Amino acid sequence: MGPDYVFIGAGDCVFLAMGLKTELPLINPDVNIKAETMAEKLNLKVMELLDGKQLSISGLSRELKAEGIEEHRLVLTGYLRALRDLELLEESEVPPSKIYALPEKDGEALPEKGSELEPAVPSDSEDIYLIFRTQLLKIDLDFRIPVGVYIISRLFERPCFRRELKLAGITQKHLDQYMEKPGTVCEVSDSSLKKARVDITKIEIPTDDPAYELRENREEITRLANEVLAGMIRHRMDLEGLVAKSKQTTLLP
């Protein structure tokens, strides 16, 4: 009997080959992902490669290999399908391939069969959210919503709309589950959002879109927000010659 490959939804990704069973951690936003795990490295690299692009599994595989990350095609397929199920990626059919992209690309036509997959250049208005999303996905899931609300509120000096959280990679399911229980984030009364809606002209905010703010700030939220903001700055600025080539492992007194 030949090799059997089994992928189980968005739970554990199990690879069976020649009778050898190896359990691989799947990218799963319901668990705490350690910084140096293979799952996080693959997750972050996939998000970076799809930032402004639409790629097939083969295209992603080639791009990952060029970045020093080499995964079996079936393992990569399992990751991508799980991210699709979690609404972190969008999957489209361009026979004979499946094309993957980050969410919020509904207005962009996918290429026809046989045509080149050209990078989709994000508009200036959404570029900040694409950068923000890449950095926000690096922190623990439990803090993404309060940190996202905190940063957007501080940057734009107004409440954070649900549309903006979605652009930053927060799924509707995750937001609904988070708001079901008391937390540091609360919904803002619609009566106080009229001016904020008028002032936002670079992205479309639905008229019934709710907005959020922090009920209370915590030291951990501020710390993580600083990490996200620092990552955004590093992404946008050339820091060559300023950043240490090796990480400092101990803090100086």
Side-chain angles (χ1 to χ4, degrees), residues 3-18 20-92 94 96-103 105 111 116-122 130-141 144 168-169 171 227-228 230-232 234-236 238-240 243-247 249:
D4 291 323
Y5 303 95
V6 180
F7 292 91
I8 306 177
D12 289 337
C13 177
V14 181
F15 176 55
L16 299 176
M18 303 297 289
L20 177 63
K21 176 179 178 180
T22 305
E23 294 189 3
L24 299 175
L26 185 58
I27 306 163
N28 186 336
D30 295 325
V31 299
N32 296 330
I33 304 175
K34 300 301 181 182
E36 296 302 322
T37 63
M38 177 273 291
E40 181 179 357
K41 290 179 180 178
L42 181 57
N43 185 13
L44 296 179
K45 185 53 64 176
V46 166
M47 294 298 176
E48 288 177 10
L49 292 175
L50 291 178
D51 187 352
K53 292 182 181 179
Q54 301 162 351
L55 293 173
S56 65
I57 296 174
S58 297
L60 271 169
S61 181
R62 287 193 299 270
E63 295 277 359
L64 287 168
K65 188 174 182 180
E67 295 285 342
I69 301 176
E70 191 166 358
E71 291 292 343
H72 193 286
R73 181 185 174 89
L74 291 178
V75 174
L76 180 59
T77 300
Y79 276 111
L80 294 174
R81 289 178 178 173
L83 289 173
R84 175 205 62 191
D85 292 343
L86 294 168
E87 300 180 1
L88 294 176
L89 290 182
E90 290 182 350
E91 180 187 86
S92 302
V94 181
S97 301
K98 291 184 184 295
I99 304 299
Y100 292 90
L102 295 177
K105 296 288 191 295
E116 293 294 326
L117 295 177
E118 295 293 338
V121 180
L130 292 173
I131 300 170
F132 183 31
R133 171 168 52 197
T134 300
Q135 301 302 321
L136 190 65
L137 290 176
K138 294 181 181 181
I139 69 173
D140 189 284
L141 179 76
R144 288 177 194 168
T171 66
E227 290 183 9
V228 171
M232 293 172 68
R234 286 194 297 269
H235 180 88
R236 294 295 293 176
D238 181 8
L239 301 181
E240 182 69 26
V243 178
K245 296 185 181 299
S246 59
K247 293 183 179 180
T249 56

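For clarity, every value in this text was computed on a predicted model and none was experimentally measured. Starting from 1, each residue takes its place in the sequence as its number. Values reported hereafter were calculated over all heavy atoms of this structure, with side chains retained and with hydrogens, waters and symmetry mates removed.
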Evaluate the side-chain contact (heavy atoms from CB on, under 4.5 Å) criterion for residues K65 and R62: first the C-alpha distance (whole Å), next the side-chain angles of each, then the deciding distance (0.1 Å), finally the verdict.
-> CA-CA 5 Å; K65 188 174 182 180; R62 287 193 299 270; 5.7 Å; no

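- Among the candidates Q54, R81, E90, the single residue satisfying the side chain to side chain contact (heavy atoms under 4.5 Å, CB included) test with Y100 is R81.
- Under the 4.5 Å side-chain criterion, counting only non-hydrogen atoms from C-beta, L64 is not in contact with E71.
- In terms of heavy atoms, R133 sits closest to L130 at NH2-CD2, 2.7 Å.
- Here the side chain of T77 pairs a donor or acceptor atom with the backbone of R73 at under 3.5 angstrom.
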Taking it one step at a time, do M47 and L88 satisfy side-chain contact (heavy atoms from CB on, under 4.5 Å)?
-> CA-CA 9 Å; M47 294 298 176; L88 294 176; 4.0 Å; yes

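- Looking at E91 and I99, their side chains never come closer than 4.5 Å, going by heavy atoms from C-beta outward.
- The minimum heavy-atom distance between R144 and L137, with the atom names listed, is NH2-O, 3.2 Å.
- Rounding to the nearest 0.5 angstrom, the gap separating the CG atom in L60 from the CG atom in L55 is 4.5 Å.
- V46 places none of its side-chain heavy atoms less than 4.5 Å from the side chain of Y79.
- In this structure, CG on L80 lies 11.0 Å from NZ on K98, to the nearest 0.5 angstrom.
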